[in-house]
Engineer: 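Questions regarding the structure given below will be posed in turn.
Here is the naming used below: chain letters follow the sequence lines, and residue numbers restart at 1 for every chain.
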Amino acid sequence: MELNDLQAQRAAKLERLRAAGLDPFPTRSTRTHTIATVLTDFDTLAVAPTTLTIAGRVIGARRIMGKIAFAHVEDGTGTLQLWISRADVGDEWFARFRDDLDTFDIVQATGTLRRTKAGEASLFVSSLSVLAKAVNPPPEKWAGLTDVEERHRQRYLDLIVNAEVRTVFQARATAISAMRRVLDSHGFLEVETPVLQPIYGGAAARPFLTYHNTLGQQLYLRIATELYLKRLIVGGFPGVYEISKNFRNEGVDRSHNPEFTMMECYQAYGDYTTMMRLVEELLRAMCVAVTGTTTATYQGQTLDFGVAWPRLPMRAAIAAQTGLDIGTLSTLEALHAALTANALKVERKPTWGKQVDELFSTYVQPTLVQPTFILDYPVELSPLAKRKPDDPAFTERFEAFAVGMELGNAFTELNDPFDQEQRFLAQGRDFAAGDAEAHQMDVDYLNALMYGLPPTGGLGMGIDRIMMVLTDRPNIREVILFPHMRQREDKP
RNA sequence: GGGCCGGUAGCUCAGUGGUAGAGCACCUGACUUUUAAUCAGAGGGUCGCGGGUUCGAUCCCCGCCCGGCUCACCA
């Protein structure tokens with residue numbers, strides 16, 4: 001390791017501890033109390049007075065005077081001030097605290113509890129020890145660590161110094177627990193399906209490729225769990241869900257990370273309206289778990305998850321924003337002509353379905369601030385969704401939107417193996433025509449459908465994006481502990 | 001991929017075609033109730049990387065790397 005000056009100073013202190021017969025990295029701590037319990041029971045413990053031992057990281061500046069010193073220690077449950085008197089700990093340890101210990105070292109302190117004259121709850125230390133010497137120095141104590149790249153590359157440091165970052169990930173865990181509770185309460189079984197897949201499917205996306213050496217087999221990292229989960233509904237489970245990482249080999253921006261967390265669930269004998277009620281219940285529970293109420297504030301806008309979401313057919317939504325009725329403009333030529341006639345600034349797409357989607361993304365999606373369901377997507381865009389009985393050009397599919405961002409996608413699942421085969425074949429033609437995200441043919445999945453998939457409702461929800469909304473973080477990297485960063489060689 | 005902005009001490013940031021700056025941190029010394037402690041003093045740099053122009057480049061030019069915002073892409 002090459003050490004800079006500050007690291008070398010700390011390494012030298014570490015060696016001085018060793019020379020004094022002290023282990024700078026002892027095997028274990030002998031603490032008796034967490035700081036949270038000390039603070040909760042402070043008055044009782046202080047009156048006794050009980051001798052107790054706490055442990056944690058020295059944070060903030062140490063304030064060291066000739067015969068007395070103050071420092072704050074943080075152990076993940078709370079922060080406690082140490083009051084260190086030369087008279088109490090002895091000349092040797094007082095000097096050692098001053099000369100050989102540093103901010104960020106992890107220490108253990110034994111003593112009794114009292115309040116200082118200023119009223120701050122403190123441990124009046126009788127003895128100290130080192131649990132782990134920190135070789136790296138802390139960032140600047142007032143401005144802290146603000147460089148976004150460094151915060152994400154060194155998330156461990158970000159978590160130490162930026163307290164609100166920890167709360168975001170605590171909120172994430174709390175929200176996912178709430179999600180599991182809702183799903184479990186509805187009888188969904190949590191399952192695990194393959195990450196390494198010989199055929200990828202369940203979404204329109206480009207995959208990551210990998211290779212199994214012994215089998216000599218090319219494999220893909222999953223882009224969705226959908227097709228495996230529906231095989232399990234064929235197998236007879238009444239409902240299944242999986243919360244899993246998906247991998248999509250696509251662009252990276254503030255709402256896309258190459259690996260992201262998705263919850264997918266499937267309910268036998270349900271349909272997409274069942275899934276709408278489930279989305280409402282899930283978001284309400286997750287919102288309450290995070291904010292304590294059924295509302296969340298995102299970038300100054302209050303979102304209400306306590307009410308039923310508006311259900312807006314895509315056709316009507318597009319008509320409202322553009323004046324065009326895609327129900328009557330049913331060919332690509334007619335649609336393109338109408339775009340031109342109405343001077344709508346939309347990129348031209350090669351198929352009717354993609355053009356509709358582009359129109360929607362440009363004119364409708366940004367307007368969907370409050371939680372909203374958009375219903376009934378063109379069949380071309382939805383190769384796994386069942387057609388509407390009264391309008392076979394559209395499917396029983398919805399996407400859940402909030403703050404202009406797609407949070408979820410659901411449909412009444414296509415269970416006709418012959419229709420599914422035709423959809424796969426159409427996707428194959430799209431792929432051959434240059435659509436790198438078109439769905440692959442999956443013969444085994446067709447075989448499963450040929451045993452009979454009951455009418456089923458299915459749902460996928462992007463956990464990361466939900467957490468962006470609930471924690472008011474406009475960048476997905478702020479809700480992913482270790483977001484993908486380009487490799488860098490000059491620094492760790 | 002395009003546009004705009006950025007990369008200077010451990011961190012947060014100034015700055016200039018002529019020996020590289022501040023605050024905090026760190027180091028030395030003083031100090032027995034601090035709360036961004038205070039006071040005095042000292043040290044610390046591949047100015048992202050490579051090339052070019054120049055007597056001289058951290059600064060100007062070109063290329064590249066990394067990042068931020070944004071547009072495009074990602075149903």
Engineer: Does A:Lys141 make a side-chain N or O approach to OP1 or OP2 of B:A37 shorter than 4.0 Å?
Structural biologist: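 Yes.
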
Engineer: Sequence neighbours left out, what pairs pass salt bridge (Lys or Arg N to Asp or Glu O under 4.0 Å) with at least one residue falling in residues 401-413 of chain A?
Structural biologist: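 Those involving residues 401-413 of chain A are A:Lys230-A:Glu413.
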
Engineer: Using a 4.0 Å heavy-atom cut-off, does A:Glu347 contact any base of the nucleic acid, only the sugar-phosphate backbone, or nothing at all?
Structural biologist: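 Sugar-phosphate only.
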
Engineer: From CD1 of A:Ile160 over to C1' of B:C11, roughly how many Å is that when rounded to an integer?
Structural biologist: 14 Å

Engineer: Any protein N or O atoms within reach of nucleotides 63-69 of chain B? Criterion: under 3.5 Å, listing atom names and distances.
Structural biologist:
residue	atom	partner	partner atom	Å
B:C66	O3'	A:Arg153	NH2	3.3
B:C66	O2'	A:Glu149	OE1	3.4
B:C66	O2'	A:Glu149	OE2	2.7
B:G67	OP1	A:Arg486	N	3.0
B:G67	OP2	A:Arg486	NE	2.8
B:G67	O4'	A:Glu149	OE1	3.0
B:G68	OP1	A:Arg477	NH1	3.3
B:G68	OP1	A:Arg477	NH2	3.0
B:C69	OP1	A:Asn475	ND2	3.0
B:C69	OP2	A:Arg477	NH2	3.3

Engineer: Pick base, sugar-phosphate or nothing for A:Ala204, based on heavy-atom distances below 4.0 Å to the nucleic acid.
Structural biologist: base

Engineer: Holding to side-chain hydrogen bond (donor to acceptor under 3.5 Å, both in side chains), I want the full list of residues that pass it with A:Asp442, two or more places apart in sequence or in another chain.
Structural biologist: A:Arg231

Engineer: Is it true that A:Lys354 and A:Glu437 make a salt bridge, defined as a side-chain N closer than 4.0 Å to a carboxylate O?
Structural biologist: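 Salt bridge flag = no for A:Glu437 with A:Lys354.
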
Engineer: Scan the side chains in residues 123-131 of chain A for donor-acceptor partners under 3.5 Å anywhere in the protein, sequence neighbours excluded, and list what turns up.
Structural biologist:
residue	atom	partner	partner atom	Å
A:Ser126	OG	A:Thr110	O	3.1

Engineer: Rounded to the nearest angstrom, tell me the gap between atom CD in A:Glu140 and atom C1' in B:C13.
Structural biologist: 10 Å

Engineer: Nearest nucleotide by nearest heavy atom, which residue falls closer to the 5' end of RNA chain B, A:Val252 or A:Ala203?
Structural biologist: A:Val252

Engineer: Applying the side chain to side chain contact (heavy atoms under 4.5 Å, CB included) test to A:Phe394, which of A:Ile326, A:Leu381, A:Val379 qualifies?
Structural biologist: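 Answer to the side chain to side chain contact (heavy atoms under 4.5 Å, CB included) test with A:Phe394 among A:Ile326, A:Leu381, A:Val379: A:Ile326.
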
Engineer: Salt bridge or not for A:Glu15 and A:Arg18, using N-O below 4.0 Å?
Structural biologist: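 A:Arg18 and A:Glu15: salt-bridged.
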
Engineer: Looking at the base of B:C73, is there any donor atom on it, or on the side chain of A:Asp253, that sits under 3.5 Å from an acceptor on the other one?
Structural biologist: yes

Engineer: Taking the side chain of A:Ala143 as its heavy atoms from C-beta onward, which of B:U12, B:G10, B:C27 lies nearest to it?
Structural biologist: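 It is B:U12.
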
Engineer: Please report the distance separating the P of B:C27 from the corresponding atom of B:C61, rounded so that it comes out in whole Å.
Structural biologist: 42 Å

Engineer: P atom, B:G43 versus B:C5: distance in rounded Å?
Structural biologist: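 Rounded to whole Å, the distance is 39 Å.
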
Engineer: Rounding to an integer number of Å, can you tell me how far A:Asp435 CG sits from B:C73 C1'?
Structural biologist: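 Distance check: A:Asp435 CG to B:C73 C1' gives 13 Å.
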
Engineer: Tell me which one of A:Asn415, A:Asp416, A:Asp419, A:Asp271 satisfies side chain to side chain donor-acceptor pair (under 3.5 Å) with A:Lys386.
Structural biologist: A:Asn415

Engineer: Using a 3.5 Å limit on both distances, find every run of at least three consecutive Watson-Crick or G-U pairs that involves RNA chain B.
Structural biologist: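 Counting only runs of 3 or more consecutive pairs, the stems involving RNA chain B are B:1-7 with B:65-71, B:10-13 with B:21-24, B:27-30 with B:38-41, B:48-52 with B:60-64.
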
Engineer: With A:Asp325, which residues qualify under salt bridge (Lys or Arg N to Asp or Glu O under 4.0 Å), at least two apart?
Structural biologist: A:Arg315

Engineer: Provide the distance between the two C1' atoms, one in B:A9 and one in B:G45, to the nearest whole Å.
Structural biologist: 6 Å

Engineer: Under 4.0 Å from OP1 or OP2 of B:U34: is there any side-chain N or O of A:Arg63 that close?
Structural biologist: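 Result: no.
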
Engineer: Scan for salt bridge (Lys or Arg N to Asp or Glu O under 4.0 Å) pairs involving residues 63-78 of chain A, sequence neighbours excluded, and state none if there are none.
Structural biologist: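 Listed by first then second residue: A:Arg31-A:Asp75, A:Glu74-A:Arg166.
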
Engineer: Between B:U8 and B:C47, how far apart are the P atoms? Round to whole Å, please.
Structural biologist: 11 Å

Engineer: Compare all side-chain heavy atoms of A:Arg397 with those of A:Leu384 and state whether any distance is below 4.5 angstrom.
Structural biologist: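 The answer is no, as the side chains (C-beta and beyond) never meet within the 4.5 Å cut-off.
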
Engineer: Just how far, in rounded Å, is C1' of B:G10 from NZ of A:Lys13?
Structural biologist: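 In whole Å, B:G10 C1' lies 13 Å from A:Lys13 NZ.
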
Engineer: Would you mind reading off the distance between A:Glu250 atom CD and B:A72 atom C1', rounded to a whole angstrom?
Structural biologist: 14 Å

Engineer: For a quick check of understanding: with a heavy-atom distance under 4.0 Å over all strands, which category does A:Gly144 fall into, base, sugar-phosphate or nothing?
Structural biologist: sugar-phosphate

Engineer: Which value, in whole Å, describes the distance between the P atoms of nucleotides B:U70 and B:U28?
Structural biologist: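 46 Å, rounded to whole Å.
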
Engineer: Could you check which residues of residues 363-377 of chain A get a heavy atom under 4.0 Å from RNA chain B? Sort them by number, please.
Structural biologist: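 Nucleic-acid contacts, sorted: none.
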
Engineer: Scan A:Glu358 against the nucleic acid and name what it touches under 4.0 Å (heavy atoms): base, sugar-phosphate only, or nothing.
Structural biologist: sugar-phosphate

Engineer: Please list all pairs meeting ring pair (Phe, Tyr, Trp, His ring centres under 6.0 Å) that have one or both residues in residues 350-378 of chain A, counting only residues at least two apart or in different chains.
Structural biologist: A:Trp309-A:Phe373, A:Phe360-A:Phe401, A:Phe373-A:Phe398

Engineer: On a whole-Å scale, what distance lies between the P atoms belonging to B:C69 and B:A36?
Structural biologist: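 Straight-line distance between the two P atoms is 32 Å.
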
Engineer: To the nearest Å, how far apart are A:Asn249 CG and B:C73 C1'?
Structural biologist: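 My rounded result for the distance is 13 Å.
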
Engineer: Figure out the CG/P separation between A:Asn162 and B:U12, and round it to whole Å.
Structural biologist: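 Whole-Å distance recorded here is 10 Å.
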
Engineer: Between B:G51 and B:C13, how far is it from one P atom to the other, in whole Å?
Structural biologist: 30 Å

Engineer: Applying salt bridge (Lys or Arg N to Asp or Glu O under 4.0 Å) as the test, list every pair that has at least one member in residues 469-482 of chain A; sequence neighbours left out.
Structural biologist: A:Arg151-A:Glu478

Engineer: Please tabulate, one pair per line, each protein N/O and nucleotide N/O from nucleotides 29-33 of chain B that are separated by under 3.5 Å, including the distance.
Structural biologist:
residue	atom	partner	partner atom	Å
B:C31	N4	A:Ile64	O	3.2
B:U32	OP2	A:Lys67	N	3.3
B:U33	O2	A:Lys117	N	3.1

Engineer: Could A:Arg16 and A:Asp99 be called an ion pair, given the rule that one side-chain N must be under 4.0 Å from one carboxylate O?
Structural biologist: no

Engineer: Give me the distance, rounded to whole Å, that separates B:G21 from B:A14 when you measure between the C1' atoms they each carry.
Structural biologist: 7 Å

Engineer: Quick one: salt bridge (Lys or Arg N to Asp or Glu O under 4.0 Å) pairs with a partner in residues 119-137 of chain A, sequence neighbours left out?
Structural biologist: A:Asp102-A:Lys133, A:Asp105-A:Lys133

Engineer: For A:Arg348 and B:A72, give me the distance from atom CZ to atom P, rounded to whole Å.
Structural biologist: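 Between P of B:A72 and CZ of A:Arg348: 15 Å.
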
Engineer: Can you find a pair of side-chain heavy atoms, one from A:Val369 and one from A:Gln301, that are under 4.5 Å apart?
Structural biologist: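 Of all side-chain heavy-atom pairs linking A:Gln301 with A:Val369, at least one is under 4.5 Å.
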
Engineer: Determine the sole option in A:Glu226, A:Glu421, A:Gln440, A:Gln420 for which the side chain to side chain contact (heavy atoms under 4.5 Å, CB included) test with A:Tyr445 is passed.
Structural biologist: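 So, applying the side chain to side chain contact (heavy atoms under 4.5 Å, CB included) to A:Tyr445 and each of A:Glu226, A:Glu421, A:Gln440, A:Gln420, only A:Gln420 qualifies.
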
